Structures are given as C-alpha cells and as structure tokens.
Novice: 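What follows is a structure written as structure tokens; I'll ask about it next.
Given the structure is predicted, the values throughout are model-derived calculations rather than measurements. One-based numbering along the sequence shown.
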Amino acid sequence: MKRIPPFTRRGFLQAGLGLAAGLVVPQYIPGSALGKDNAVAPSNRITLAGIGINHRGSYVLNYMLPQPDVRFLAVADVRADRRQAVKGRIDQLYSNTDCDTYRDFRELLERKDIDAVFIATGDRWHATASVYAAKAGKDVYSEKPCCITIGQCKILADVMRRYNRVFQAGTQRRSVDNFRFAVELARSGKLGKIHTVHASIYHLNLRRDWLPAQPVPDKEVVDWDLWLGPAPWRPYNEAYIMGDWRAQEDFDSGAKLHDWGAHTVDLCQWAVNGDTTIPVRYEADGGTVYAQYADGVKLVMRPDGWMGLGDCPVRFEGDEGWVETGDTGRVALSPESLRSELRSSGNFGGIAPGAHVRNFFDCVKTREQPVCNADVAGQTHVACHAAALSWILKRKLTIDPDRREFHGDDEANRLRSRAVREPWRIG
C-alpha cells in the first residue's frame, strides 16, 4: 500500500492552490499585505471616509492621513468642487484613482467596508450626520459644535451608547500639552481651592437676515436642498456656501458662542471635575456671560481681557494661585514657584490635533471611550447653549443640570430644540 505523506500546512496550501485548473498561482505576497517593514496589514487598518471636508476638514485630514493604520476610501459633499478636490488629494497620496465621491452622504454610509467617518460640515449637519453614521455602524469623529440645540446633545449621546459607537468631538485642545498642563495644575490642588474659571469666547452675534435670492445651481454642482439639510428653507445665495452662514440663527449653534466656547468651556469643565455636570445659573452682561456651578465655583465666558497668550485662552484661579494659557503654547502662572511643574521651557507650542485623532483611532480599535466622547462633549455644549440663551433672551436663567430644563422659563425651554425639515428628524 502506498504510504500517505504527512499532512503539512505547506502541502495543504499547495494542494488548495492547485484545485482549479488554470488557476494562476501568485509568485509572492507583498510584505505590506502581511504587515512587514512597519506596514499595517489590511486586516488591522481602519477604513475612513469624509463628509463635508473643506478648510477645517482639510487641516484635520493632514493629521489623519499619515496615521499608518488608516486608509481613506471615500468622500461625500454637496459641492462638486469640494469632493473632487478631496478625491484629487487622496488619489495623489495613494497613487491610484480609487477614492470614491458621493453627493449624498447616505450613499457613502451604505458601504460596509467603511469603519469610521470624519464629519466637517457646517454646524447644522454635525449631529444629524453623526446619528445617521452611528446607525449605519460607523464610528464618528465630528467637528464642533457637535449639536446646535440642547435637545440634540441628549439624542447624540443616547444614539452613540445604543449603537455602541466610538465618538470623538473635534475639541482637540484636550489633547494639547499646555492646556492639559493647566488643567492638571488646577485639579492637583496646587492652586488651592478653585473658585473661578475663565473661558474665552467670540464677540457674540446673532443674525436673522436673508441674503438676496440667486439662481439655484444644478444639484450636481451644488445640491442646495441637501446643503440646507435639517435647517429651514431659504433662497439660495452663493455667499452661504462660501461661509457666510456663521452667526445665522438657522445655521449656527447660538450667537457664535460655541465657536471657541466648545473648546474653552470644555477645558474649564475638565479643570473643575465637571464632565458630568454643568453650571446651574447663567447671566449675560454685555458680551460676557457669568455662570455658577451648584458648589459655588464661577465660570466666566468672556471675549476680552486676556494676557496675549494666543487664541482660545483659558484661565483657572484658586485661592493660592492661578494659571492662564492659550494657543501660542505659552503658560503664565502665579506663584512663580509653580513654574517648576512645567515639563518643558513653558512654550509647548502649536494646537495640532494629531494626538486627538490618534486617541480616536486607538479607541476605534479598543472600543474604549475617547477623551471627548458624546457624553463629555454634550455637557459642555449644554452649558454653551444655556449661556447663549441667557444672552439672546437678555435675562438670568437657572437650569436643572440633570433634566436640562430651565426653571420657570417656558420660552427658554422651547428654545432647547428647533423645528427640523423632513426627512432629517433624528429624535
């Protein structure tokens, strides 16, 4: 009887490759496909797509694309020039023509080969697109403001939890060293008991005007109806799609307070261990909004009076010292003896989101919560909305931080949500 040779892995592979007549057997498998030479094997890559990528989105994409375990597959945008610009950039990066483009982001979300999406649309779209993405099984990195109403904040957090999605708000200063240092100093007790935290905001502005109507372009050039999305209808004007939607009540989060407040109020919340709560009282005085937590700590949201340390400054004051920092990376503090706490010369420099996007991609793999997840971002956004409403309504507001309801103010409570055009209702 003929002896049967031992069953080996090599023999199995050779036998399998020869099963079909005429099957072409590859001579080699590229090392990159196996993860050799520091390449990431396809099975370990995160496949990424973009929705609404323009100026800010392109900047953040600069830090996403070099990540070795990320592969960008597709872009959706209502503007043909934007989606073609992103495609050109991606195709050049990968030396192919594989980046797909979509006018309607819902078609992009139908793809099963996309793990995560980067949303950098205008404010009106952030929460809606994020919810659609989560329900489609995608993890989400969304630019701020993540929600344009208090009601959206709860919906967003609930959906991310229900569908077990990873969500990161684009408030990257939580991952920037000088801001982290200032927060750690406040939380360490080395400033004494913190009594006041200061968050920089833009000069507040609210517009309700309509720009003159212009002829509507072909929807393959600019899909005006889809650009409006959940926002109320109004006539087309090119200035809107070029950026003149900011401060418009229908498109903006609330008097522009979120533009910097989403970053700086977030840092103040973190500094006072407030990630699970918000201030309970709000009162506007001119362009400044004064808020107070239930424990008496004050939060001051102000556009002026800073030390020239760069954009988005924050300041934390305790009964034994203070610290202030901004986007230049420089840190001012008192007493001067605290300078020994600095891990460098005191000039960290830069506001690059690299560490922040890396935190997101790591969490996509581990399924842990990122530093600015939907719950954390939601608390900050509610505080910003309450502050903006105090300024808009020109009166003091008191809110229940758990129920997110204003005490004895029906008008303020009605303004916690907005009417939404069909079919874009998310909750």
Novice: On a heavy-atom basis, which atom in Arg208 and which in Leu206 lie closest, and how many Å separate them?
Specialist: NH2-CD2, 3.5 Å

Novice: With no hydrogens and no angle check, is any side-chain donor or acceptor of Ser334 less than 3.5 Å from a backbone partner on Trp322?
Specialist: no

Novice: Side chains of Leu65 and Arg89: closer than 4.5 Å at any heavy-atom pair?
Specialist: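 Sidechains of Arg89 and Leu65: in contact.
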
Novice: Quick one, Val376 with Val371, criterion side-chain contact (heavy atoms from CB on, under 4.5 Å). Give me CA distance, side-chain angles, the key distance, then yes/no.
Specialist: CA-CA 8 Å; Val376 169; Val371 294; over 6 Å; no

Novice: Are the ring centres of Trp125 and Phe105 closer than 6.0 Å?
Specialist: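 Yes, the ring centres sit under 6.0 Å apart.
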
Novice: Looking only at non-hydrogen atoms, find the nearest pair between Arg174 and Asp275 and report the distance.
Specialist: NH2-OD1, 2.7 Å

Novice: Ring of Trp227, cation from Arg79 - is the NZ or CZ under 6.0 Å from the centre and inside 45° of the axis?
Specialist: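 No - Arg79 does not lie over the ring of Trp227 by the 6.0 Å and 45° rule.
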
Novice: Please confirm whether Trp424 and Tyr132 have ring centers closer than 6.0 angstrom.
Specialist: yes

Novice: Can a donor-acceptor pair be found between the side chains of Arg187 and Asn273 at a distance below 3.5 Å?
Specialist: yes

Novice: Between Arg315 and Glu317, does at least one N-O distance fall below 4.0 Å, as a salt bridge requires?
Specialist: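 Between Glu317 and Arg315 there is a salt bridge, with a charged N closer than 4.0 Å to a carboxylate O.
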
Novice: When you measure from the side chain of Gln168 to the backbone N and O of His356, does any donor-acceptor pair fall under 3.5 Å?
Specialist: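 Here the side-chain-to-backbone pair exists.
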
Novice: Whether Arg71 engages the ring of Tyr94 as a cation-pi pair (distance to the six-membered ring centre under 6.0 angstrom, angle to the ring normal within 45°) should be assessed.
Specialist: yes

Novice: Please report the shortest heavy-atom distance between Ala387 and Val289, naming the atom on each side.
Specialist: CB-CG1, 3.7 Å

Novice: Between Arg421 (side chain) and Leu228 (backbone), is there a donor-acceptor pair under 3.5 Å?
Specialist: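 Checked: no pair found.
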
Novice: Could you tell me whether Lys193 and Asp319 have a side-chain N and a carboxylate O separated by less than 4.0 Å?
Specialist: no

Novice: Do the charged groups of Asp115 and Arg45 touch, with an N to O distance under 4.0 Å?
Specialist: no

Novice: Can you check whether Trp245 and Tyr240 have ring centres sitting under 6.0 Å from each other?
Specialist: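 No, the ring centres sit 6.0 Å or more apart.
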
Novice: Any side-chain heavy atom of Phe118 within less than 4.5 Å of one from Val60?
Specialist: yes

Novice: Taking Asp400 for its side chain and Arg403 for its backbone only, find out whether a donor-acceptor pair lies under 3.5 Å.
Specialist: yes

Novice: Decide yes or no for Ser200 and His263: does some side-chain heavy atom of the first lie under 4.5 Å from some side-chain heavy atom of the second?
Specialist: no

Novice: Under a 4.0 Å N-O cut-off, is there an ion pair linking Arg103 with Asp77?
Specialist: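 Judged by the 4.0 Å cut-off on N to carboxylate O distance, Arg103 and Asp77 do not form a salt bridge.
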
Novice: Would you call Arg207 and Asp252 a salt bridge, taking side-chain N to carboxylate O under 4.0 Å as the test?
Specialist: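 A salt bridge is absent here (no side-chain N lies under 4.0 Å from a carboxylate O).
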
Novice: If you measure from the Lys or Arg side-chain nitrogens to the Asp or Glu carboxylate oxygens, is any gap between Arg56 and Glu143 under 4.0 Å?
Specialist: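 Counted as a salt bridge, because a side-chain N and a carboxylate O are separated by less than 4.0 Å.
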
Novice: Within this structure, what is the CD-CG distance for the pair Gln84 and Asp91, rounded to the nearest 0.5 Å?
Specialist: 9.0 Å

Novice: Between Glu341 and Lys190, does the salt bridge (Lys or Arg N to Asp or Glu O under 4.0 Å) criterion hold? Intermediate values first, please.
Specialist: CA-CA 10 Å; Glu341 301 290 329; Lys190 293 175 181 175; 2.9 Å; yes

Novice: For the backbone of Gly308 and the side chain of Arg330, can you confirm whether one donor and one acceptor N or O come within less than 3.5 Å of each other?
Specialist: yes

Novice: Decide yes or no on side-chain contact (heavy atoms from CB on, under 4.5 Å) for Thr171 and Thr380, but give the supporting numbers first.
Specialist: CA-CA 11 Å; Thr171 46; Thr380 292; over 6 Å; no

Novice: Considering non-hydrogen atoms only, spot the tightest contact between Pro303 and Gly287 and give its length.
Specialist: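 What the structure gives for the nearest pair is CD-O, 3.5 Å.
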
Novice: Compute the centroid of each ring, for Phe360 and then for Phe167, and state whether the two points are separated by less than 6.0 Å.
Specialist: no

Novice: Report yes or no: does Ser417 contribute a side-chain atom to a donor-acceptor pair with the main-chain N or O of Gly151 at less than 3.5 Å?
Specialist: no

Novice: Just verifying a value: how many Å separate Glu238 CD and Asp244 CG, rounded to the nearest 0.5 Å?
Specialist: 11.5 Å

Novice: As an exercise, state the distance from CG of Leu415 to CG of Leu393, rounded to the nearest 0.5 Å.
Specialist: 6.0 Å

Novice: If you take all heavy atoms of Ile194 and Ala186, which pair is closest and at what distance?
Specialist: CG1-O, 3.8 Å

Novice: Looking at Cys99, is its backbone amide N or carbonyl O close enough to the side chain of Lys87 to form a donor-acceptor pair, meaning the two atoms are under 3.5 Å apart?
Specialist: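 Checked: pair present.
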
Novice: Taking the basic N atoms (NZ, or NE/NH1/NH2) and the acidic carboxylate oxygens, is any pair closer than 4.0 Å for Arg414 and Asp410?
Specialist: no

Novice: For Arg83, is there an ion pair with Glu107 - N to carboxylate O distance below 4.0 angstrom?
Specialist: no

Novice: Salt bridge check: are Asp123 and Lys144 linked by an N-O gap of less than 4.0 Å?
Specialist: no

Novice: How long is the gap from SG on Cys384 to OH on Tyr282, to the nearest 0.5 Å?
Specialist: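 Cys384 SG to Tyr282 OH: 8.5 Å, rounded to 0.5 Å.
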
Novice: Would a 4.5 Å heavy-atom cut-off, applied to side chains only, mark Leu211 and Asp209 as touching?
Specialist: yes

Novice: Dump the intermediate steps for ring-ring contact (aromatic ring centres under 6.0 Å, His included) on Tyr59 and Tyr63, then the final yes or no.
Specialist: CA-CA 7 Å; Tyr59 173 72; Tyr63 295 88; 5.5 Å; yes

Novice: Salt bridge or not between Asp158 and Arg161? Use side-chain N to carboxylate O under 4.0 Å.
Specialist: yes

Novice: Would you call Glu411 and Arg416 a salt bridge, taking side-chain N to carboxylate O under 4.0 Å as the test?
Specialist: no

Novice: Is it the case that Arg302 places NZ or CZ above or below the six-membered ring of Trp306, under 6.0 angstrom from the centre and within 45 degrees of the axis?
Specialist: yes

Novice: Quick one: do Arg339 and Glu336 satisfy salt bridge (Lys or Arg N to Asp or Glu O under 4.0 Å)? Show the steps, please.
Specialist: CA-CA 6 Å; Arg339 192 159 295 279; Glu336 193 64 22; 2.6 Å; yes

Novice: So, Asn237 side chain and Pro212 main chain: donor-acceptor pair closer than 3.5 Å or not?
Specialist: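 Here the side-chain-to-backbone pair exists.
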
Novice: How close do Ala291 and Met301 get, counting heavy atoms only, and between which atoms?
Specialist: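 Nearest pair, atom of Ala291 first, then Met301: CB-CE, 4.0 Å.
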
Novice: Quick one: pull up CZ in Arg162 and CD1 in Ile155 and give me the separation to the nearest 0.5 Å.
Specialist: 9.5 Å

Novice: Taking atom CG of Asn178 and atom CG of Leu309, what is their separation to the nearest 0.5 Å?
Specialist: 9.0 Å

Novice: With no hydrogens and no angle check, is any side-chain donor or acceptor of Arg234 less than 3.5 Å from a backbone partner on Asp250?
Specialist: no

Novice: Between Gln379 (side chain only) and Asp375 (backbone N and O only), is there a donor and an acceptor less than 3.5 Å apart?
Specialist: no

Novice: Give a yes or no on whether a salt bridge exists between Lys365 and Asp69, defined as a side-chain N under 4.0 angstrom from a carboxylate O.
Specialist: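 Salt bridge between Lys365 and Asp69, a charged N being under 4.0 Å from a carboxylate O: yes.
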
